[in-house]
Amino acid sequence: MCALRRLHRSVRTLRGSFTRGSLTCTAVTQWQPGRCGGLTFCQKLSTGGALRSDFLKDLGAQLAAAKKKAADSLPGSNWTPFEINPSLPPETADIVIVGGGVMGWSIAYWLKQKERFSKDMRVLVVERDPTYSQASTVLSAGGIRQQFSLLENIHLSLESADFMRNINEHLSVVNEDPVDLQFNQSGYLFLASEAVAHVMEQNYNTQRCAGAKVSLFSPQQVKEKFPWINTEGVALASYGLENEGWFDPWTLLNAFRRKAMSMGVIQCFGEVADFKHMKQVMMTKNGEQMERRTIKSVKVQMPNSLEYQPVDCALVVNAAGAFSGKLAELVGIGLDPKDSLAGFSVPVEPRKRYVYVVHCPDGPGLDSPFLIDYSGVYFRREGLGGNYICGVSPEEAEEPDTSNLEVDHQFFEDKVWPKLANRVPAFEELKVTSAWAGFYDYNTFDQNGIIGIHPLINNMYFATGFSGHGLQHSPAVGRAVAELILDGEFKTLDLSGLSFQRILMQEPMLERNIV
Amino acid sequence: MSAPLISLRRCCQRAAGLLVARRHWSSSSASPPSLVSRSLDFLAQRFYDVEALLNWKSRIGKDQLRKKNLYYGYTHKHYGPDIASAYYILNLGGGFRFVGQSEWFRADSRGKFNWDFLNYKDTPVEEVDMSHTIINYVGLSNLERQHLRTLKLQGCPEVDDWFLAGLHKFQDSLEELDISHCPRITVGGLAALRNLSHLKHLNVSSLPRISNPGLVIILLEEMLPQCQIRADGYDLSLPQAGREKSEERLEAER
């Protein structure tokens with residue numbers, strides 16, 4: 001390295017001598033005593049150094065001035081032959097994870113956790129938003145619940161809650177502060193109407209069998225426990241006793257990132273602009289021709305510049321959340337006509353969801369759970385000062401435009417407030433203090449996560465389409481994907497039901513929601 | 001020759017930096033670390049073997065904690081759930097009282113205890129005092145019978161929010177709970193106490209990680225209206241008003 005730098009200097013002085021004859025002298029004299037200076041500097045630590053220090057200081061200042069003058073007078077003075085942009089990703093990596101949200105970093109952490117020798121593989125995480133200002137992770141409500149109907153989802157939640165309980169055993173870094181998730185153990189309260197009460201009862205049985213601590217309440221019991229709820233129209237309620245509540249998503253994301261980077265994962269801010277891939281033509285039994293692709297390298301474009309770097313890689317993990325469908329299109333998935341086998345796309349698209357922060361001094365207190373009404377409206381407490389966040393999922397026909405993250409305040413007046421005030425009369429007198437919008441990675445096929453390898457791409461793994469549950473399932477999904485990559489199969493939790501198979505066979509795995 | 005000298009000098013500079021408290025900005029650590037731990041920190045950064053030793057020590061500590069809090073499945077199977085919980089409590093250095101008995105079984109300061117509790121098969125435990133022990137969430141599974149009325153957890157370093165959420169299994173019986181001086185409990189965990197609807201006495205004194213104790217205590221009283229809440233050890237006076245008062249007093253003295 002030192003020799004390289006010396007070479008570089010001499011090249012510069014040579015260039016100087018070619019372009020401006022008058023400079024040659026200064027440039028050369030600058031360099032020669034510079035090396036002596038380096039030697040004498042080391043001697044400064046010995047006892048005889050004090051006498052020389054004045055002389056050396058002068059010389060040093062003169063040298064710096066001469067160097068600056070020489071550098072300024074060169075054409076294109078900032079140019080140096082060996083400088084590279086330090087924020088560029090490495091030229092090769094074993095695994096490239098596209099998407100540096102909580103899912104991407106969780107996968108990176110588990111990959112490193114499972115590798116046998118340290119520095120065994122080089123993992124690169126590419127994130128396009130350095131400030132995470134539009135990342136779905138940090139714009140979510142941050143809840144975790146076990147009240148699902150699919151066994152896979154319940155198990156994912158239980159595992160994730162277990163991970164969060166022992167988060168400092170997993171994600172603490174030596175000599176750094178412990179992770180404080182700010183977990184609120186407040187539970188979820190689902191309210192069901194007469195029409196869906198039987199579904200809730202079935203879900204309750206499934207959840208109890210899977211080991212979740214959930215209990216059913218009658219409307220009278222709800223009234224007793226939460227006197228501020230209007231139980232009109234409620235036939236049954238289910239309430240999570242343990243492992244349910246909400247936490248700070250940013251802390252979880254940062255904890256994953258800090259730990260993964262301390263284990264040697266490389267972070268890069270940039271956008272994946274293209275994939276270089278190889279095609280292999282195959283024939284199906286019916287004689288239909290189809291192409292199987294293998295990704296060779298990922299083209300990472302730097303933010304706000306034309307600079308890019310191709311990264312040769314063995315595997316790509318698509319954890320791009322709402323934009324993973326778009327990412328798959330870059331490899332040519334879903335561009336062919338719909339009816340052919342090669343034409344089936346990744347059914348994930350961004351959906352915009354609004355979250356409103358309201359202030360209501362007379363609202364429910366410390367006992368307020370994460371309430372989800374059968375009308376679809378939800379709310380939870382935010383801090384202790386009478387602030388709440390709430391929202392509702394819009395109807396399929398009224399999906400807002402996803403090109404930006406602007407908030408529609410009329411939507412709150414029309415759709416959220418009436419339902420909210422009907423359920424909790426104290427919210428008649430609320431005041432909206434702020435609002436934000438975030439993207440869901442909405443799986444249009446069955447609103448559940450897609451985990452596994454794509455049948456038409458040899459080396460692209462997917463962990464996407466969680467439709468709003470991605471944050472709470474990220475610890476368990478990260479481990480599952482790492483197992484899939486390193487062991488070739490699911491070891492701790494069998495998630496084969498969530499693979500691409502179901503999309504190919506057109507067998508949706510729908511949640512039996514009460515909402 | 002020069003390279004080790006330079007590294008030595010750098011070493012000295014860093015040692016000087018150590019004397020300045022490093023974690024002023026962090027909210028989670030309540031007090032600055034002691035000089036011993038800081039110097040150990042420094043040595044661990046400098047020498048791999050010290051780092052390995054420290055890691056080893058923390059691993060052994062964690063392992064011990066895990067082993068002490070294991071589920072007593074064998075005892076449970078052969079002697080029943082009540083003897084298993086009694087044995088667990090005594091092993092950890094706590095004390096308990098059976099239903100219908102007046103005497104307490106306790107481990108002494110050296111961890112020795114009387115084995116007479118084996119005579120009380122199928123008698124549930126009513127009062128448990130686990131103060132200053134290392135009971136954690138996993139160990140809670142050993143206390144499973146629903147007859148527990150009093151639980152004292154004063155100054156337990158491993159009792160956290162998840163532990164409090166796990167107390168819901170005593171929701172029909174627990175009447176008295178003491179979680180004072182527990183260093184890891186936050187507001188998020190206190191919210192889980194809403195499940196304990198039969199609670200009559202609650203002691204939440206001196207919890208170091210509660211940021212607004214006055215507000216939290218009011219909200220707790222609102223959440224558990226039938227419960228008497230004791231909260232000592234918090235400075236609830238208004239700092240501004242206090243200072244003015246003392247100034248007035250000073251002026252009056254003049």
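These values consider heavy atoms only, across backbone and side chains, with no hydrogens, waters or symmetry-generated copies. What you are looking at is a predicted structure, and each value in this text was computed from that prediction instead of being measured. Each chain gets a letter, A, B and so on, in the order its sequence line appears, and its residues count up from 1.
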Can we say B:Asp160 and A:Arg165 salt-bridge, meaning some charged N sits less than 4.0 Å from an Asp/Glu carboxylate O?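 Salt bridge flag = no for A:Arg165 with B:Asp160.
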Residue-level contacts of residues 161-180 of chain B with chain A, using a heavy-atom cutoff under 4.5 Å: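 Hits under 4.5 Å: B:Asp161, B:Trp162, B:Ala165, B:Gly166, B:His168, B:Gln171.
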Residue by residue, which of residues 212-226 of chain B have a heavy atom closer than 4.5 Å to a heavy atom belonging to chain A?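 The residues closer than 4.5 Å to chain A, in numerical order, are B:Leu215, B:Val216, B:Leu219, B:Leu220, B:Glu222, B:Met223.
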Heavy-atom pair count under 4.5 Å with chain B, highest-scoring of A:Lys213, A:Glu244, A:Glu224, A:Arg381: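 Greatest number of close heavy-atom pairs with chain B: A:Lys213.
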Name the member of A:Ser186, A:Pro364, A:Gly245, A:Gly187 that forms the most heavy-atom pairs with chain B at distances under 4.5 Å.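 Counting heavy-atom pairs under 4.5 Å, the top option is A:Ser186.
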Quick one: ring-ring contact (aromatic ring centres under 6.0 Å, His included) partners of A:Phe226, sequence neighbours excluded?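 A:Trp228, A:Tyr239.
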Min side-chain heavy-atom separation A:Glu242-B:Asn195 under 4.5 Å: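 A side-chain contact under 4.5 Å is absent here.
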Verify the neighbour count for atom [atom1] of [X]: are there more than 12 heavy atoms of other residues, nucleotides or ligands below 6.0 Å?
{"X": "B:Gln64", "atom1": "CD", "value": "no"}
{"X": "A:Gln113", "atom1": "CD", "value": "yes"}
{"X": "B:Arg230", "atom1": "CZ", "value": "no"}

Which residues pass the side-chain contact (heavy atoms from CB on, under 4.5 Å) test with A:Ser238, not counting sequence neighbours?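 A:Ser238 satisfies side-chain contact (heavy atoms from CB on, under 4.5 Å) with A:Gln147, A:Phe190, A:Met200, A:Val214, A:Leu216 only.
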Kindly give the heavy-atom pair with the smallest separation between B:Ala191 and A:Leu366, and that separation in Å.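 Shortest heavy-atom separation between B:Ala191 and A:Leu366 comes out as CB-O, 3.8 Å.
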For the CG atom of A:Leu241 and the CZ atom of B:Arg194, what is their distance to the nearest 0.5 Å?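 Here the rounded value is 7.5 Å.
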